[in-house]
Amino acid sequence: MILQRPALAKVNLALSVRGLRSDGYHQIESVMQTIDLADEVRIRPLRWGLRLTCHPSLSIPLDRNLAYKAAELFFRATSLRGGAEIVIRKRIPVAAGLGGGSADAAATLILLNDAYGNPLSPMQLEELGGQLGSDVPFAMRQGTAWVAGRGEQVTSLTHSCSFHLVLAKPVGTFLSTRDVYTRYQPKEESPNIMSAIVKALKSNDIATMAGLLFNDLEETACRMLPSIASIKQELRQQGAVVALLSGSGPTVFGVFQQENEAVRVAQTLAGKGYWTVAAHPVLSANSPDEE
Ligand code: ATP
């Protein structure tokens with residue numbers, strides 16, 4: 001038996017980062033959006049042991065791969081005897097602010113739970129995901145959500161706002177989430193405009209939404225990698241209603257009203273040597289049922 005599912009990337013439509021909590025994590029608030037750029041995760045249950053192959057391979061030890069860690073945690077938490085062969089086809093750029101590792105971990109947990117007869121409820125799976133990384137609970141839920149705490153408080157949002165995205169970053173650039181957060185000086189107070197963004201999404205008011213989007217980490221990431229600012233400018237010049245850093249970067253997303261415009265701009269940026277892709281928001285969420 002082989003089970004597979006796409007591991008979808010995310011962008012942060014808004015990201016507020018406040019001070020450090022006593023557990024060492026920053027307090028965040030974010031409107032997160034799943035997009036249709038995805039890795040593919042496959043698992044084959046084994047009687048015992050864990051194997052993982054990643055194409056192309058990540059230059060990290062096997063047991064540092066978040067999907068591997070997810071499988072270890074699944075078997076520890078359920079006390080099930082068993083194992084799995086995991087194969088990941090990476091399409092989401094690594095260390096790019098698009099949550100690729102978290103998406104792989106979430107997909108692995110969901111697939112293993114399916115393969116072993118659903119011993120864990122969606123709520124328990126999300127809690128387990130939270131032990132692996134701040135973005136994993138949202139990666140399990142998908143869709144659009146208001147995320148708070150260190151990422152473990154996920155409230156799904158329903159809307160039918162229709163827009164198109166162009167993602168772009170300089171080829172071969174990475175930013176370590178930890179480095180960006182370490183250099184970031186938290187503001188006293190972040191603007192409390194999340195609910196205005198949600199309202200704009202719900203009323204399909206792209207112009208208003210575009211004027212509200214923000215990312216507290218953008219200034220820090222731009223200082224670390226000035227080409228981020230050039231990409232933002234390029235996307236704006238090409239007609240994006242807004243262009244913003246996703247997560248801790250370096251990927252920037254531009255918002256477009258028309259799909260053909262987004263496709264044209266992605267082609268133009270590719271011609272200028274950037275890594276780029278046109279993408280769409282994925283609006284449906286996996287709903288966790290309380291035990
Ligand atoms: P964030 O979730 O903080 O936005 P990101 O999208 O910027 O993260 P990822 O692609 O998730 O970055 O990778 C972050 C780090 O995690 C990388 O340095 C990578 O070595 C490690 N990592 C572990 N497992 C994976 C995986 N399955 N895919 C990608 N990176 C992984």
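Positions are given from 1 along the sequence. Everything quoted here is computed from the prediction, not taken from an experiment.
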K69 to F74, cation-pi by 6.0 Å centre distance and 45° axis angle:
no
Looking only at non-hydrogen atoms, find the nearest pair between A262 and V166 and report the distance.
O-CG2, 3.2 Å
OG (S16) and CG (L217) are apart, to the nearest 0.5 Å, by 9.5 Å
Got more than 12 heavy atoms from elsewhere within 6.0 Å of CD, Q237?
yes
Quick one: do V154 and L8 end up in the same hydrophobic cluster if we chain Ile, Leu, Val, Met, Phe, Trp and Tyr together by side-chain heavy atoms under 4.5 Å apart?
no
So, S134 and R150: side-chain donor and acceptor under 3.5 Å apart, yes or no?
yes
So, the side chain of T251 versus the backbone of K169: is there a donor-acceptor pair under 3.5 Å, distance only?
no
Heavy-atom closest pair, residues G254 and L235
N-CD1, 3.8 Å
The side chain to side chain contact (heavy atoms under 4.5 Å, CB included) partners of P61 (sequence neighbours excluded) come to D63, R64
Verify side-chain contact (heavy atoms from CB on, under 4.5 Å) between H55 and T53, making sure each step is shown before the conclusion.
CA-CA 7 Å; H55 306 284; T53 334; 3.8 Å; yes
How many angstroms lie between atom SG of C54 and atom CG of D104, to the nearest 0.5 angstrom?
6.5 Å
Residues that R178 engages under side chain to side chain contact (heavy atoms under 4.5 Å, CB included), provided they are two or more places apart
S176, T182
Tell me whether I92 shares a hydrophobic cluster with V282, the cluster being built from Ile, Leu, Val, Met, Phe, Trp, Tyr side chains joined at under 4.5 Å.
no
The test is side-chain contact (heavy atoms from CB on, under 4.5 Å); show your working for H280 and E259 and say whether it passes.
CA-CA 9 Å; H280 303 95; E259 181 163 28; 2.6 Å; yes
Out of K10, K202, H159, which one pairs with T144 under the side chain to side chain donor-acceptor pair (under 3.5 Å) rule?
H159
For C222, all residues meeting side chain to side chain contact (heavy atoms under 4.5 Å, CB included), sequence neighbours excluded
E218, I228, A229
According to side chain to side chain contact (heavy atoms under 4.5 Å, CB included), who are the partners of Q267, at least two apart in sequence or on a separate chain?
V263
Note: L128 and A77 closest approach over all heavy atoms is CD1-CB, 3.6 Å
Any residue meeting salt bridge (Lys or Arg N to Asp or Glu O under 4.0 Å) with E40, in chain and number order, not counting sequence neighbours:
R42
All heavy atoms of L175 vs all of G249, minimum pair found to be CB-O, 3.9 Å
To the nearest 0.5 Å, atom CD of E126 lies from atom CE of M123 at 6.0 Å
Side chains of V147 and E29: closer than 4.5 Å at any heavy-atom pair?
no
When every non-hydrogen atom of L62 is compared with those of L52, the smallest separation belongs to CD1-O, 3.4 Å
Do L66 and L58 land in one hydrophobic cluster if side-chain heavy atoms of ILVMFWY residues count as linked below 4.5 Å?
no
Pairing of K90 and D39 as salt bridge, 4.0 angstrom limit:
yes
Kindly say whether G97 contributes a backbone atom to a donor-acceptor pair with the side chain of S248 at under 3.5 angstrom?
no
Heavy-atom closest pair, residues P281 and F163:
CD-O, 3.2 Å
Run the numbers on L201 and L13 for side-chain contact (heavy atoms from CB on, under 4.5 Å), then give the verdict.
CA-CA 10 Å; L201 276 172; L13 295 177; 4.3 Å; yes
Residues I2, I43; criterion side-chain contact (heavy atoms from CB on, under 4.5 Å); working and verdict:
CA-CA 6 Å; I2 293 179; I43 67 147; over 6 Å; no
Regarding W146 and Q153, is there a side-chain donor-to-acceptor distance under 3.5 Å anywhere?
no
Main chain of P170, side chain of T173: is a donor-acceptor contact present, judged purely on distance under 3.5 Å?
yes
Are more than 12 heavy atoms from other residues, nucleotides or ligands located less than 6.0 Å from atom CD of Q4?
yes
So, the side chain of Y184 versus the backbone of V17: is there a donor-acceptor pair under 3.5 Å, distance only?
yes
Rounded to the nearest 0.5 Å, what's the gap from CG on L15 to CZ on F214? Could you check?
7.0 Å
Verify, without hydrogens or angle tests, whether R44 (side chain) and M1 (backbone) share a donor-acceptor contact under 3.5 angstrom.
no
Residues passing the salt bridge (Lys or Arg N to Asp or Glu O under 4.0 Å) test with R21, sequence neighbours excluded, are D23
Tell me whether L109 shares a hydrophobic cluster with F138, the cluster being built from Ile, Leu, Val, Met, Phe, Trp, Tyr side chains joined at under 4.5 Å.
no
Are M140 and L283 linked, directly or through intermediate hydrophobic residues, by side-chain heavy-atom contacts shorter than 4.5 Å (ILVMFWY only)?
no
Name the residue from N215, D216, N12 that meets the side chain to side chain donor-acceptor pair (under 3.5 Å) definition with S30.
N12
For the CG atom of L98 and the CD1 atom of I35, what is their distance to the nearest 0.5 Å?
5.5 Å
Donor-acceptor pair, side chain of N118 and main chain of L120, under 3.5 angstrom
no
Quick one: are the ring centres of H26 and Y181 less than 6.0 Å apart?
yes
